[in-house]
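The structure appears right after this line, and notes come after that.
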Amino acid sequence: MQEKPPITTPVIISRAEHGISRANISESALKVLYRLKKSGYQSHLVGGGVRDLLLGREPKDFDVATDATPEQVKACFGNARIIGRRFRLVHVRFGREIIEVATFRSMQFQQSEQSNEGMVLRDNEFGSIEEDALRRDFTVNALYYNISDFSVIDYSGGMADLEAGLLRLLGDPETRYREDPVRMLRAARFAAKLGFNIEAATEEPISRLGHLLAEVPSARLYEEVLKLFISGYAVSAFEKLRHYDLFSRLFPQTEEALSHEDHEFPLTLVLKGLENTDRRLAQGKPVTPAFLFAVLLWEPLRLVAEELQAGGMPFYQALQEAGGLVIGRQIQRVAIPRRFSTPMREIWTLQARFHNTKGKRPLRLLAHPRFRAAYDFLLLRAESGEVDPELASWWTRFQEEQGLDPSGGSHKPAARRRRRRKPRKKRSSA
Ligand code: ATP
Ligand code: MG
């Protein structure tokens, strides 16, 4: 038998002593919690949901933890699916909302695989709630809201850290970062999102261990990048990442290009672009990863294109060539799905076409499905001092003359917009 880690006595914060109200928990999450409880299982809300509720913030999603196995969870619901290889979880679906249900996991790695750097590749050992609490990342993410008596269970001093605004990793920080280097990105992200400080021992290894991110699959980093930059606090996340020298691990070409100190506009463009996404999200407007990546990779692309132009290549072609090159290098670190890299390249190459303001060409450009996003991108370039603001104003006026509202567009993928406008064509059966 394997030895179990020592069990700590939890602090139980009763219903009367904390501010979580069921009125702020989604109906779907409550349904899942109650159903599990009725079936005789332990049933808790856990993670960011509990943390955000205690902070009086609106949770992004609700995660549930239970002692029921994934199969047992699935059997409780008609609308459930077991997912995941590394961690097996159950997704319970209610329309657009998905409640993630995880079985308590242990921290015992004897039967899991670990890489040379100490990274956990697979851990699926079920455990007790205590063990589940201790294998989580930050103390403030390891609080459990128990649906059976509405109390909050705290195994790690998470409540005190929450009140102090501190991010503290459970266990030895270096070991925890080696197990999963993404925890460094999560530290920066939660610091940005919550405005918390990173506790000294948790903070110390980050600048030393950033290189471990090279071990993380590019698809997982893509997911993390979206969480960092498409969540309404992108500017702050960007600053934290740069502060801990993590941005360079995600976007090495951009960091390189930004470190040239001969101009200010590249950094201004990134900051304004991120401000823009934060603002759009605050206004409930859509934001596409294509625009975000176009912003983040513009300066490295522009530098390559400049060189190609110096060799005699026309601007449009230089943008195209440089785009391919820069994306090729970028996706070795952070994957970019083709459905976003394609429109991103269009946003870039259309920049060349804005210089043609004569004849029929402007009208044709206006009809381009990516015109909106490309125009917004031109505005960013103008605001940051990279192109003549007069060019951007020309295009603003031109749209107004054509009866369009230059500020009313969306960044939504054009294909979708087109589909909505056009009545369905009959398909020939050939
Ligand atoms: P968000 O507000 O972004 O949803 P979150 O804390 O809920 O924040 P999730 O990624 O949804 O973050 O993860 C849910 C919970 O799972 C976390 O609160 C934490 O307890 C645990 N967790 C997630 N990722 C890790 C990790 N890499 N290592 C350890 N525990 C993790
Ligand atoms: Mg969450």
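Values reported hereafter were calculated over all heavy atoms of this structure, with side chains retained and with hydrogens, waters and symmetry mates removed. As the structure lists them, so they are numbered: ligands from 1, and atoms in each ligand from 1.
The option from R176, R220, K60, R57 that lies nearest to atom 4 (O) of ligand 1, judged by heavy atoms, is K60. Around atom 12 (O) of ligand 1, the closest heavy atom drawn from R105, E100, M184, R186 belongs to R186. Scanning R189, K227, E223, K193 for the heavy atom closest to atom 3 (O) of ligand 1 points to R189.
Salt-bridge formation is not detected for the pair R249/E255: no Lys NZ or Arg NE/NH1/NH2 atom is positioned less than 4.0 Å from an Asp or Glu carboxylate oxygen. A salt bridge links R135 with D132: at least one charged nitrogen is closer than 4.0 Å to a carboxylate oxygen. Comment: E346 does not engage R353 in a salt bridge, judged by the lack of any side-chain N to carboxylate O separation of less than 4.0 angstrom.
When hydrogens are left out, the protein atom nearest atom 27 (N) of ligand 1 is D180 OD2, 2.7 Å; that is the closest non-hydrogen contact.
When the shell of 6.0 Å around CD of E204 is examined, it contains more than 12 heavy atoms from other residues, nucleotides or ligands.
Considering both main-chain and side-chain atoms, G47 never comes within under 3.5 Å of ligand 1 through any nitrogen or oxygen pair.
Using a cut-off of 2.8 Å, one finds that E100 contributes no N/O/S atom close to the Mg ion (ligand 2).
The name of the N, O or S atom in D61 nearest to the Mg ion (ligand 2) is OD1.
Heavy atoms of D63 found under 4.0 angstrom from ligand 1 belong exclusively to the side chain. Neither the backbone nor the side chain of F138 has any atom closer than 4.0 Å to an atom of ligand 1 (non-hydrogen atoms only). With a 4.0 Å cut-off on non-hydrogen atoms, V182 does not touch ligand 1 at all.
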Does the side-chain hydrogen bond (donor to acceptor under 3.5 Å, both in side chains) test come out yes or no for E386 and S384, once each step is laid out? CA-CA 6 Å; E386 187 215 318; S384 63; 5.2 Å; no

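Because its NZ or CZ atom is both nearer than 6.0 Å to the ring centre of F150 and within 45° of the ring axis, R22 counts as a cation-pi partner of that residue.
The aromatic rings of W298 and W348 are tilted relative to each other, their planes meeting at an angle between 30° and 60°.
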